[in-house]
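Structure first, then comments.
The residues of the chain are indexed from 1 along the displayed sequence.
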Amino acid sequence: MGFSFYNTLTRQKQPFNPINEKKAGFYGCGPTVYNYAHIGNLRAYVHHDILVRSLRRAGYDVNHVMNITDVGHLSDDADGGDDKMVKSAEERGKSVLEIADFYTQAFFNDTERMNITKPTIVCKATDHIAEMINLMKRIEKNGFTYLAGGNLYFDISKFPSYGDLALLKLDDKKAGAQTEFARIEHDENKRNAGDFVLWFTKSKFENQALMWDSPWGRGYPGWHIECSAMSIKYLGEQFDIHCGGIDHIPVHHTNEIAQSEAATGKKPWVNYWLHNEFLVLDKEKISKSSGNFLTLQSLVDEGFDPLDYRYFLLGGHYRSQLQFSFESLQGAKNSRKSLIEKVKNLSEKASHKDTEAQRTQSEEEEKEGEIAKYIERFNNAIEDDLNTPRALAELWGLLKECPATEETLAAVFDMDKVLGLGLEEAVKNSNTIEDIEFAEEIEALIKKRAEAKKAKDFAAADNIRQNLKDRGIILEDGPAGTSYKRM
């Protein structure tokens, strides 16, 4: 069948034809490291992970590049609002680079817990200022910029196809137009409302933390230029796939296309644009700006495994809004637990070789044919724009309908190369389902004990500690909370 992806640029599914056969150059917008990633952010990175895992399983050599934004991102994507990094540093009494390093590590701790494969190349904006300046020189040389108020702007009127990705009309981008661009913070230096800053030398920030010398004066880059500069450095002037959230379409990705193609003269810069929809909580988009966000650790604190959340995300197609609730997450937790139990049972039964020897040749062929059907349907689901709900259903069908054999188990593990639920690791782990349930019970008792202590019911708290000790479990209180170990 081969892969087909819904391309935002064309608004239709298209067969995937990479620039170089069996190779895929992929750029995924990374985090701005001024705070913890929220669970809505993590939906995007699970989507990126499914894409990479799927292509690699199909034999593609994937070069996955992801940026780390540690300078230049304002709270409004269109050059307005506060500098996210500076604001976070001031609030926490740290330097910008200290904030960036801390939240970068926190981000990768979260992605590791979510079983998200680390990109081939992770590139920090602050390490690529020279590449950004060189790209801006090319844009300027080609006649797409102007200087005003000390800042270097991109003139969108010089780029006729500006807005194609977002289906925006160039006539609507003139200063003062009552359109999508009316929401943009007024900047008297701009010739058109949609023009954007490539390089800041003067802004409302009097004491900008990070600044560099440039041909246009000492200053710092706008947010959009970093993605163009770093993707071109590591993937070339034309590459296959660019991903991000749908909120990136009207401004960030639209600006990336304009400045990249203005610099190189090559069109298209990117062949396939894939965008994931929002995760919503109580019908409201999860975002840091609204204060309406949950971190992965907040889910863990409620007794969920990070892979419970991954399972929950797989149940919705990446291009559909997904409604989050703790009730639905509990359902995902129960399903994942049942899945692990079924795979472990399959592994135990498949290890009995005496039953293998009793099968006739016709039974063997029938068994292999049934497994092959599920694998084919699984592949078709994944190749059809990464349809994880259908793929997950095929995995369950395989477990329910196919015999308990080594071949079935191998097919399960093969499917999980894409889904990333850690099923092979669960089988190899010596813990039984009973052990998992016991661990969950202990965690619940630890939480109950903490609540008792908070209510100053120390007798109840001591009883919980003693009961666990009687069962061979020692509680240890420390600065990071309460942990436990076996006697």
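Relative ring orientation between Phe107 and Tyr45 is described as perpendicular, the plane-to-plane angle rising above 60° on a 0-90° scale split at 30° and 60°. The aromatic rings of Trp273 and His275 lie parallel to each other, with less than 30° between the two planes, well short of the 60° mark. In this structure, Phe196 and Phe154 have parallel ring planes: the angle between them is below the 30° cut-off, well short of the 60° mark. The aromatic rings of His252 and His224 are tilted relative to each other, their planes meeting at an angle between 30° and 60°.
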Self-check item: Verdict with reasoning, Lys124 to Asp101, per salt bridge (Lys or Arg N to Asp or Glu O under 4.0 Å)
Solution: CA-CA 10 Å; Lys124 293 182 179 180; Asp101 288 344; 3.4 Å; yes
Quiz prompt | Stepwise side chain to side chain contact (heavy atoms under 4.5 Å, CB included) test for Leu392 and Leu421 | solution = CA-CA 11 Å; Leu392 200 56; Leu421 294 169; 4.2 Å; yes
Quiz prompt | Derivation of the side chain to side chain contact (heavy atoms under 4.5 Å, CB included) call for Ile68 and Met230 | solution = CA-CA 10 Å; Ile68 298 292; Met230 291 189 286; over 6 Å; no
Self-check item: Verdict with reasoning, Phe324 to Phe312, per side chain to side chain contact (heavy atoms under 4.5 Å, CB included)
Solution: CA-CA 9 Å; Phe324 176 85; Phe312 166 77; 3.8 Å; yes
Exercise. Show your working on side chain to side chain contact (heavy atoms under 4.5 Å, CB included) between Asp240 and Phe5 and close with a plain yes or no.
Key: CA-CA 12 Å; Asp240 299 303; Phe5 299 128; over 6 Å; no
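Between Glu237 and Arg138 there is a salt bridge, since at least one side-chain N of the basic residue sits less than 4.0 Å from a carboxylate O of the acidic one. The residues Lys337 and Asp308 are annotated as not salt-bridged, no charged nitrogen and carboxylate oxygen being separated by less than 4.0 angstrom.
Proximity of the aromatic rings of Phe144 and Tyr146 is defined here by a centroid distance below 6.0 angstrom, and this criterion is not met. Between His317 and Tyr6, the gap from one ring centroid to the other reaches at least 6.0 Å. With ring centers used as reference points, Tyr153 lies 6.0 Å or more from Trp199. Taking the six-membered ring where the residue is Trp, the centroids of Tyr309 and Phe304 are separated by 6.0 Å or more. Residues Phe16 and Tyr60 place their aromatic rings such that the two centres sit under 6.0 Å apart.
Applying the 6.0 Å contact sphere to NZ of Lys233 captures more than 12 heavy atoms from other residues, nucleotides or ligands.
In summary, of the residues considered (Leu55, Asn271, Val270), a side-chain contact (heavy atoms from CB on, under 4.5 Å) with Ile241 occurs for Leu55 alone.
Donor-acceptor pairing under 3.5 Å is lacking for the side chains of Tyr36 and Asn41. For the residue pair Glu256/His248, the side-chain donor-acceptor check at 3.5 Å is not satisfied.
Closest approach of Val427 to Phe413, counting heavy atoms only: CG2-CZ, 4.0 Å.
Screening residues 15-30 for side chain to side chain donor-acceptor pair (under 3.5 Å), with sequence neighbours left out, gives Tyr27-Asn67.
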